Amino acid sequence: MKQNNEITGSEALLRSLLDENVEYIFGYPGGQAIPIYDALYDYKDKLKHILVRHEQGATHAAEGYARVSGKAGVCLVTSGPGVANTITGIADAMIDSTPIIVIAGQVTASLLGTDAFQEIDVMGVTQPITKWAYQIRSAEEISWAVARAFYIASTGRPGPVVLDVTKTAQIGKTEYKHIKINHIRSYTPVPEIEPDKIAEAAELINKARKPFAIVGQGVILGNAEKELIEFLHKANIPVASTMLGLSAIPTDEPLNMGMLGMHGNFAPNIKTNECDVLIAIGLRFDDRVTGDLKTYARQAKIIHLDIDPAEIDKNVKVNVPVLGDVKETIPAITALLKSNNHVEWLESFKDLYKMEMEKVINKEIHPKSEHLTMGEVVDKVSEATGHKAVLVTDVGQNQMMAVRYFKYSYTRSVITSGGAGTMGYGLPAAIGARFGAPDRTVCLFVGDGGLQMTIQELGTIMQSDVDIKIILLNNEYLGMVRQWQELFWSERYSEVEMKNPNFVQIAQAYHIPARRVSERADLNEAINEMFAAKGAYLLEIAVEKKGMVYPMVPAGVSISEIILE
């Protein structure tokens with residue numbers, strides 16, 4: 001028994017994580033985190049550490065875990081370059097409202113500010129891209145700081161928190177006491193609901209002839225999927241989702257009109273500028289959704305439900321702001337709604353959908369050309385899973401095609417980098433998603449460019465035996481940049497063609513079975529082989545080199561100017 005019941009700060013840190021019900025830590029050791037890793041040696045049966053190959057991979061894995069599980073993801077890294085490598089993931093988590101806790105080792109407190117070996121100003125670097133960043137200088141602070149970190153990261157609008165733990169705090173002694181935090185002065189995670197705003201919103205919806213609901217990730221983060229469906233059904237309101245809001249509503253829900261945005265579906269984009277009441281739920285009116293703000297939904301009365309007061313009137317001026325937790329505000333409005341049908345309004349979406357089906361969708365999933373297309377691959381993979389898998393994507397054309405043509409039966413089924421658009425996100429995020437949803441199939445769609453940004457995480461898959469299905473859509477281009485150069489830069493293809501390695505051999509070097517397909521006749525059999533394989537599998541598909549993602553709203557124009565071909 002330790003004298004005076006004291007333990008090291010490092011052990012207090014691990015006990016604090018256990019008290020927060022942490023199961024997995026995604027990390028990479030280094031000099032200034034050795035005391036924590038030494039303490040972890042005695043906690044291997046309680047805390048599972050996943051050894052990544054790069055600290056950026058740790059943050060994206062934590063994001064994938066958080067997005068699919070609803071719990072905060074945890075990273076553990078060392079100081080200097082170790083924590084610097086997490087910056088991309090922290091920024092990604094901030095803009096996509098993903099709760100992660102990044103724990104970084106730091107030099108001893110007496111060396112702070114001396115430019116000691118592997119010292120960087122973690123607070124100065126991370127404060128602008130976190131909900132909270134705190135430097136722990138003594139062991140006594142640890143349990144308080146960890147409890148506060150989880151409370152801040154997971155409540156209200158979620159986001160990343162950084163704890164910079166000096167070696168002084170790691171090796172110092174403290175008497176451990178579990179601390180539970182459920183209140184912080186001056187921090188109000190959930191604004192108080194204003195009944196008059198609820199009434200105003202309901203009145204507008206009851207009077208509307210053409211109501212339209214648009215849904216963001218806030219519904220998923222608020223666990224309000226059931227409440228949303230009840231709201232939509234009561235007044236028969238058509239709905240569309242942002243990319244991060246996908247899977248809040250099942251694909252086969254009759255009121256679901258698809259995805260909004262630059263590469264979203266034709267009908268919901270057009271109808272946004274025709275509705276008379278626009279009900280925005282849990283979204284931030286990103287420019288990829290709104291297009292030119294001067295022309296966005298000018299004809300509509302706008303209701304905005306959100307938990308974050310900073311989002312109200314930030315981009316789009318609204319008529320009725322409804323602050324609060326959507327799990328409470330949605331049913332409060334529903335209770336005041338009159339039943340309705342809006343038959344003609346709903347029918348008007350169908351003609352636009354038929355146009356998109358004829359000009360875009362059928363050509364993509366049933367192509368007449370000899371070349372395989374991204375859309376047909378995504379469609380077949382989704383079908384093979386019964387539309388029940390978790391979809392993880394990287395960024396670019398592979399991302400847009402995947403979210404467009406995959407189908408969703410359950411919530412928390414889309415894991416992708418939205419606001420930051422981080423290439424390299426996909427592979428480590430898929431690893432985290434698999435740990436967050438061990439009973440679900442995880443399918444990663446990735447391009448040849450994005451895969452090579454974090455390809456070293458194949459080592460994590462090998463070491464931790466992570467069962468994910470990797471579908472590499474290889475067009476030998478940085479496809480989305482090439483598409484923009486073709487459409488808007490006079491086909492001046494500057495530095496977008498990729499000379500790639502043999503991906504199958506690379507996967508096999510990591511003991512991951514792999515196969516390359518270039519012929520349509522082999523596609524179904526290859527997909528079946530992938531899903532029959534135990535554990536991870538990489539299926540490389542040689543797709544059309546110069547394929548295009550349509551529909552498309554060119555940057556800076558009205559969403560009504562969406563082009564189909």
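Note that this is a predicted model, so its numbers are computed, not measured.
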Can you name the residues that form a ring-ring contact (aromatic ring centres under 6.0 Å, His included) with Phe503, not counting sequence neighbours? none

Closer than 3.5 angstrom, by distance alone: can the side chain of Asn315 be matched with the main-chain N or O of Arg284 as a donor-acceptor pair? yes

Donor-acceptor contact below 3.5 Å, side chain Glu141 vs main chain Ser138: yes

Whether Asp308 side chain and Arg157 backbone form a donor-acceptor pair below 3.5 Å: no

Evaluate side chain to side chain contact (heavy atoms under 4.5 Å, CB included) for Leu47 paired with Leu40, printing each intermediate quantity in order. CA-CA 8 Å; Leu47 288 167; Leu40 187 61; 4.1 Å; yes

How far does CG of Asp92 sit from CD1 of Ile87, to the nearest 0.5 angstrom? 12.5 Å

Does the Lys469 side chain pair with the main chain of Gly535, one donor and one acceptor, at a distance under 3.5 Å? yes

Could you tell me whether the side chain of Thr78 and the main chain of Pro29 form a donor-acceptor pair under 3.5 Å? no

If you apply the rule side chain to side chain contact (heavy atoms under 4.5 Å, CB included), what do you find for Tyr24 with Val74, and how did you get there? CA-CA 7 Å; Tyr24 296 100; Val74 178; over 6 Å; no

Under a 4.0 Å N-O cut-off, is there an ion pair linking Lys327 with Asp325? no

Would you check if Pro99 and Pro160 make a side-chain contact, meaning some heavy-atom pair closer than 4.5 Å? no

Under 3.5 Å, is there a donor-acceptor pair between the side chain of Tyr408 and the main chain of Val403? yes

Checking the side chain of Ser247 only, and the main-chain atoms of Ser413 only, is there a donor and an acceptor separated by less than 3.5 Å? yes

For residues 61-72, which side-chain N or O atoms pair as donor and acceptor with protein atoms under 3.5 Å away, sequence neighbours left out?
residue : atom : partner : partner atom : Å
Glu63   : OE1  : His60   : ND1          : 2.8
Glu63   : OE2  : Ala93   : N            : 3.3
Arg67   : NE   : Gln217  : OE1          : 3.3
Arg67   : NH1  : Thr416  : O            : 3.2
Arg67   : NH1  : Tyr425  : OH           : 3.4
Arg67   : NH2  : Thr416  : O            : 2.9
Ser69   : OG   : Tyr65   : O            : 2.7
Ser69   : OG   : Lys71   : N            : 3.1
Lys71   : NZ   : Glu23   : OE2          : 3.2

Determine whether a donor-acceptor pair (N or O, by modelled atom type, separation under 3.5 Å) exists between the side chain of Asp306 and the backbone of Glu311. no

Would you give the length of the straight line joining atom SG of Cys75 to atom CD1 of Ile25, rounded to the nearest 0.5 angstrom? 10.0 Å

Test item: Gln135 side-chain N/O and Met123 main-chain N/O as donor-acceptor pair under 3.5 Å: no

When rounded to the nearest 0.5 angstrom, what distance separates CG in Leu472 from CG in Asp448? 6.5 Å

Compute whether any side-chain donor of one residue and acceptor of the other, for Tyr43 and Glu11, lie under 3.5 angstrom apart. yes

Hey, are Glu457 and Thr454 close enough side-chain-wise for a donor-acceptor pair under 3.5 Å? no

Straight-line distance of Phe26 CZ to Leu51 CG, nearest 0.5 Å: 12.0 Å

Are side-chain N/O atoms of Tyr37 and Ser10 paired as donor and acceptor at under 3.5 Å? no

Given 3.5 Å as the limit, does a donor-acceptor pair link the side chain of Arg137 with the main chain of Thr166, or not? no

Relative to each other, are the rings of Tyr134 and Trp132 parallel, tilted or perpendicular (30° and 60° limits)? parallel

Is there a salt bridge (Lys or Arg N to Asp or Glu O under 4.0 Å) between Asp286 and Arg288? Walk through the geometry before answering. CA-CA 5 Å; Asp286 174 72; Arg288 286 299 195 257; 5.8 Å; no

State, without any angle test, whether Glu225 and Thr411 hold a side-chain donor-acceptor pair at a distance under 3.5 Å. yes

Step by step, would you call Val122 with Gln106 a side chain to side chain contact (heavy atoms under 4.5 Å, CB included)? CA-CA 9 Å; Val122 174; Gln106 180 57 282; 3.7 Å; yes

Do we see a donor-acceptor contact under 3.5 Å between the side chains of His387 and Ser409? no

Exercise: do Gln463 and Arg53 side chains pair donor with acceptor under 3.5 Å: yes

